[in-house]
Amino acid sequence: MAEAMAELHPKVALDVYKIREDFPVLGRQVRPGVPLVYLDSTATSQKPASVIEAMNAYYRQHNANIHRGIHVLAEEATAMYEEAREKVKNFIGAASSRQIIFTRNTTEAINLVAYSWGLSQLRRGDLILLTEMEHHSNLVPWYLLAERMDLRVEHVAVTAEGVLDENDFDRKLAMGPRLFAFTHMSNVVGTINPAKTMIAKAHQAGAVTLLDGAQSVPHFRVDVQELDVDFLAFSGHKMCGPTGIGVLYGKRELLENMPPFLGGGDMIKKVTLGAFKPNELPYKFEAGTPAIAEAVGLGAAIDYLNKIGMDVICQHEQGLVRYALERLREVEGLRIFGPSAEKKGGVVSFLVDGVHAHDISQILDQYGIAIRAGHHCAMPLHEKFQVPATARASFYLYTTFEEIDRLVEAIYRVKDIFGV
Ligand code: C6P
């Protein structure tokens, strides 16, 4: 089967069938005789056995609280947690592991910047620049702050093609924003924004930059020093790691000058009645017992991705998205949202004329195909496209070309059922 598929789809860049054996859930049937076709990795990725086993081994052999106990288990658990931080640091090319703060997810990382950097650095009337393609996680924290501090918010426009409008970006930068927060890759249309150029322009205009890497860090190489980005936020669960762990990277001088976000254990150097002295980086931002097993799992996920190679993963997904667009374009009455394959990652949102996105998803589920339908937590972008919802298929390193064929076949069944 593997050879036959490789012949049929010569763009196969990695041994996807071998990779699939690493992911226990991919072997399951969702109903008797109906194998799972998981096309919802943008929502969350599946986990390889090595990640599940690393967390299992942590609980079976080492479990203890960290940075506190002077006993073997506590020392081992602390070392494992800090080793995970080191792996994250290397994965994104940060200068120091002190710049890696563990959070619960991308959402919490962005909120940390909003409440710590934003509340301490912004002043009434300051401008925050976002884009029309942001996930709610990179909109709502800023709206909350704007309400509280009387800030102004502008958004870089998205074109009909689903990319950011360069002229509008220049116009809005000329308004002098204090912060430019934007997504590296859209979770709806898959557009990959030219982050390095945009960050350089934003810096020239005097803005601090925050990059939402929820959809980029899992899929291609992201190097924070090369990008010169001030803050980067991402989630472990979208990159083969567990839920409950995310990362905020920040430039040292910015993080040093930011007050703690949450107060509690571990984030202090000293507490007296009525006062406290915050701990050093990164602990200043990690109040309370953190997600230790999850950090260990994230470390194992990074080992797994590194073993395969981010460039190979990216190449595989490029092949998949080119093929998916080609195949989907054959389907009459199917509207694809977003740009052509060269400008995007492995995400395709679409609609079939006369059929609601939820109906598409429900019928595909009958064929074992898991996609997402709805606004994908990006309501403003859907408003821009003047649709309430889209159906979204998304790919990762374990997605096969054959699965895309199954998706297309099932879409033809949707059309049959609706008579469109
Ligand atoms: N998008 C999706 O199905 P959290 O939930 O904090 O791990 O990630 C939030 C987030 C932030 N930015 C982008 C670009 C994202 O895609 C997401 C999560 C998922 O599209 C779940 S809504």
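Counting starts at 1 for both ligands and their atoms, following the listed order. From a predicted model like this one, the values you see are computed outputs, not experimental measurements. Side-chain atoms are counted along with the backbone in the values below, which use heavy atoms only and exclude waters and symmetry mates.
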A.B. asks: Return each pair, listed once, that meets ring pair (Phe, Tyr, Trp, His ring centres under 6.0 Å) where at least one residue sits in residues 326-374; pairs must be two or more places apart or across chains.
C.D. replies: Phe337-Phe385, His356-His358
A.B. asks: For residues Leu164 and Glu132, determine if any side-chain heavy atom of one lies less than 4.5 Å from a side-chain heavy atom of the other.
C.D. replies: no
A.B. asks: Is the closest side-chain heavy-atom distance between Val158 and Leu381 below 4.5 Å?
C.D. replies: yes
A.B. asks: Centres of the Phe91 and Tyr249 rings: under 6.0 Å?
C.D. replies: no
A.B. asks: Looking at Leu248 and Ala109, what are the two nearest heavy atoms and their distance?
C.D. replies: CB-CB, 3.8 Å
A.B. asks: What are the polar N/O contacts of ligand 1 with the protein below 3.5 Å, with distances?
C.D. replies:
| from | atom 1 | to | atom 2 | distance (Å) |
| --- | --- | --- | --- | --- |
| ligand 1 | 1 (N) | His135 | NE2 | 3.3 |
| ligand 1 | 1 (N) | Lys238 | NZ | 3.0 |
| ligand 1 | 3 (O) | Arg372 | NH1 | 2.4 |
| ligand 1 | 3 (O) | Arg392 | NH1 | 3.4 |
| ligand 1 | 3 (O) | Arg392 | NH2 | 2.7 |
| ligand 1 | 6 (O) | Thr106 | N | 3.4 |
| ligand 1 | 6 (O) | Thr107 | N | 2.9 |
| ligand 1 | 6 (O) | Thr107 | OG1 | 2.5 |
| ligand 1 | 7 (O) | Ser235 | OG | 2.7 |
| ligand 1 | 7 (O) | His237 | NE2 | 2.7 |
| ligand 1 | 12 (N) | Asp212 | OD1 | 3.3 |
| ligand 1 | 12 (N) | Asp212 | OD2 | 2.6 |
| ligand 1 | 16 (O) | Gln215 | NE2 | 2.7 |
| ligand 1 | 20 (O) | Asn187 | ND2 | 2.7 |
| ligand 1 | 20 (O) | Arg392 | NH1 | 2.8 |

A.B. asks: Before you tell me yes or no, could you show the steps for Thr209 and Asp230 under side chain to side chain donor-acceptor pair (under 3.5 Å), namely the whole-Å CA-CA distance, both residues' side-chain angles and the distance that decides it to 0.1 Å?
C.D. replies: CA-CA 5 Å; Thr209 54; Asp230 298 306; 2.9 Å; yes
